[in-house]
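Beneath this line is the structure, given in structure tokens, with notes to follow.
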Amino acid sequence: MKKISLIIFVLGFCLLAACGNDNDVKKDEQNNEQKETTKSNSNKKSDKKDTETEDQKQEEQKEQEKQADKTSEKKRDSNIKEKDLEEKATKKTEIDKKKKESEVTQAKPVTSTISESEFNKSNTLPITGGNVVTVYNSNNPKLLSFGSLNITISKYKVESVVGSDKQIDAYSPESYLGRRDGYVITLDVIIENTTNSSITYKANHLTLNGKDISKGGSKENFIPNDKVLNNTNDEFPSMSQKEGYITYMLNEEDFAKIKQSTTLTASNPNDFNSPSIDVTVKNDITTNFPINK
């Protein structure tokens with residue numbers, strides 16, 4: 001009987017232990033399930049976050065691409081506008097150039113207000129005395145056009161002075177021909193300023209050139225007071241025409257040189273103007289200028 005009771009006790013203990021193990025196993029399984037669930041939820045949240053981050057990155061990238069497209073479009077529009085402006089500027093330059101060329105083509109000698117008879121009257125003889133004879137003259141106007149400033153040589157003459165016998169003031173440049181044979185060349189000059197601003201020009205820089213010789217002119221020698229060009233002033237007012245004489249004195253030796261292949265050179269106005277003015281010819285102008293038959 002005691003053995004049976006012992007056996008029953010042992011069996012009962014074993015059953016209790018087994019039940020306890022089953023509960024522990026169930027608890028472990030539940031804990032594991034909870035951990036798996038938590039882990040799964042965590043992974044889902046992480047995946048969701050990653051997805052949201054990726055979506056955000058894509059949106060940002062799209063926005064950047066959109067901004068880049070706008071910038072590129074603006075740059076393209078700017079380039080197009082800049083190109084249009086350049087083309088317009090180029091076109092305007094070409095039009096202005098053609099206009100200037102047209103002005104040069106259309107420029108004509110200015111008509112003189114001094115008659116031929118008045119011009120042919122000698123202003124040399126009363127000063128030098130002796131025998132003064134006109135040996136060459138020309139009534140064919142010559143135009144030297146710089147566009148902004150035009151120079152007309154309306155007419156000119158060459159006078160021979162022989163046997164000068166009058167006393168000329170030693171301090172006067174005209175005394176160069178005092179008691180000396182030589183020549184006086186007189187030009188009827190008209191200077192026209194075609195701009196709206198005053199222009200400086202030294203008319204005595206009209207240069208006669210020959211074989212190995214050049215001679216500058218004078219705005220005073222052998223010139224009556226009423227024929228002094230612009231009152232010897234080098235400043236020519238806007239839209240004006242000024243007429244007067246320019247003269248050259250030469251001895252016989254110099255005349256022999258200068259009468260060979262004679263030319264007349266007009267200095268460029270920008271030799272005398274700063275800042276420079278707009279001209280159609282960048283250099284000096286030289287033209288044939290015969291002074292003997």
Side-chain angles (χ1 to χ4, degrees), residues 108-145 150-169 172-192 203-210 213 215-232 240-266 287-293:
K108 295 179 180 179
V110 177
T111 302
S112 172
T113 60
I114 301 172
S115 67
E116 288 186 22
S117 59
E118 185 178 8
F119 180 73
N120 289 333
K121 182 180 177 181
S122 179
N123 298 300
T124 305
L125 179 61
I127 297 172
T128 62
N131 186 25
V132 177
V133 179
T134 298
V135 295
Y136 187 87
N137 65 355
S138 174
N139 297 318
N140 296 321
K142 293 182 178 292
L143 176 67
L144 298 89
S145 176
N150 298 323
I151 302 168
T152 298
I153 311 300
S154 173
K155 45 192 172 285
Y156 64 96
K157 63 182 179 181
V158 180
E159 293 178 300
S160 168
V161 180
V162 178
S164 171
D165 57 9
K166 283 195 174 183
Q167 186 71 33
I168 303 175
D169 186 351
S172 169
E174 295 167 341
S175 63
Y176 180 76
L177 289 181
R179 302 188 183 281
R180 175 190 292 177
D181 294 346
Y183 295 83
V184 176
I185 301 174
T186 305
L187 280 57
D188 177 8
V189 178
I190 307 166
I191 295 183
E192 177 186 23
N204 55 325
H205 282 237
L206 288 168
T207 307
L208 278 178
N209 314 293
I213 188 172
K215 285 284 186 178
S218 168
K219 293 186 286 185
E220 298 179 2
N221 299 332
F222 302 108
I223 299 174
N225 291 332
D226 63 340
K227 298 298 185 293
V228 174
L229 179 62
N230 200 29
N231 295 317
T232 71
S240 66
Q241 294 178 1
K242 300 294 182 179
E243 183 173 13
Y245 294 168
I246 297 293
T247 59
Y248 304 82
M249 296 185 298
L250 302 104
N251 59 31
E252 289 186 321
E253 182 181 354
D254 287 343
F255 183 78
K257 293 178 182 178
I258 213 164
K259 72 179 183 180
Q260 301 181 49
S261 304
T262 313
T263 59
L264 178 72
T265 298
T287 185
N288 290 330
F289 204 80
I291 57 174
N292 71 310
K293 297 176 182 178

Contact between [X] and [Y] at the side-chain level, heavy atoms closer than 4.5 Å - yes or no?
| X | Y | answer |
| --- | --- | --- |
| V184 | L177 | yes |
| I153 | V189 | yes |
| F255 | D181 | no |
| T186 | F222 | no |
| L208 | L264 | yes |

Using modelled atom types and a 3.5 Å cut-off, is there a donor and acceptor pairing between side-chain atoms of [X] and backbone atoms of [Y]?
| X | Y | value |
| --- | --- | --- |
| K166 | P126 | yes |
| N150 | L144 | no |
| K157 | K121 | yes |

Hey, what do you get for [atom1] ([X]) to [atom2] ([Y]), rounding to the nearest 0.5 Å?
| X | Y | atom1 | atom2 | result |
| --- | --- | --- | --- | --- |
| M249 | K215 | CE | NZ | 8.5 Å |
| L187 | I223 | CG | CD1 | 9.5 Å |
| K259 | Y183 | NZ | OH | 6.5 Å |
| I258 | E253 | CD1 | CD | 12.5 Å |
| E159 | T247 | CD | OG1 | 10.0 Å |
| Y136 | I291 | OH | CD1 | 9.0 Å |

[X] and [Y]: side chain donor to acceptor below 3.5 Å:
| X | Y | result |
| --- | --- | --- |
| S154 | T152 | no |
| T134 | N120 | no |
| Y176 | N251 | yes |

message: Tell me every residue that passes side-chain hydrogen bond (donor to acceptor under 3.5 Å, both in side chains) with S112, counting only those two or more places apart in sequence or in another chain.
response: K155, D188, E243
Specify the closest pair of heavy atoms between [X] and [Y], including all atoms of both residues, with the distance to one decimal.
| X | Y | value |
| --- | --- | --- |
| T232 | K219 | O-NZ, 3.1 Å |
| I151 | A266 | CD1-CB, 3.9 Å |
| N204 | I246 | N-CD1, 4.4 Å |
| G129 | D165 | CA-OD1, 3.4 Å |
| G178 | I168 | CA-CD1, 3.8 Å |
| I190 | V110 | CD1-O, 3.5 Å |

message: For T265 and N209: C-alpha separation, side-chain torsions, deciding distance, then whether side-chain hydrogen bond (donor to acceptor under 3.5 Å, both in side chains) applies.
response: CA-CA 8 Å; T265 298; N209 314 293; 2.9 Å; yes
field: Verdict with supporting geometry, V158 and N292, side chain to side chain contact (heavy atoms under 4.5 Å, CB included)
entry: CA-CA 8 Å; V158 180; N292 71 310; over 6 Å; no
task: Measure the acute angle between the ring planes of F119 and Y245, then classify it against the limits of 30° and 60° as parallel, tilted or perpendicular.
output: perpendicular
query: More than 12 foreign heavy atoms under 6.0 Å from CG of D226: is that the case here?
result: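 Buried by this count: over 12 neighbours within 6.0 Å.
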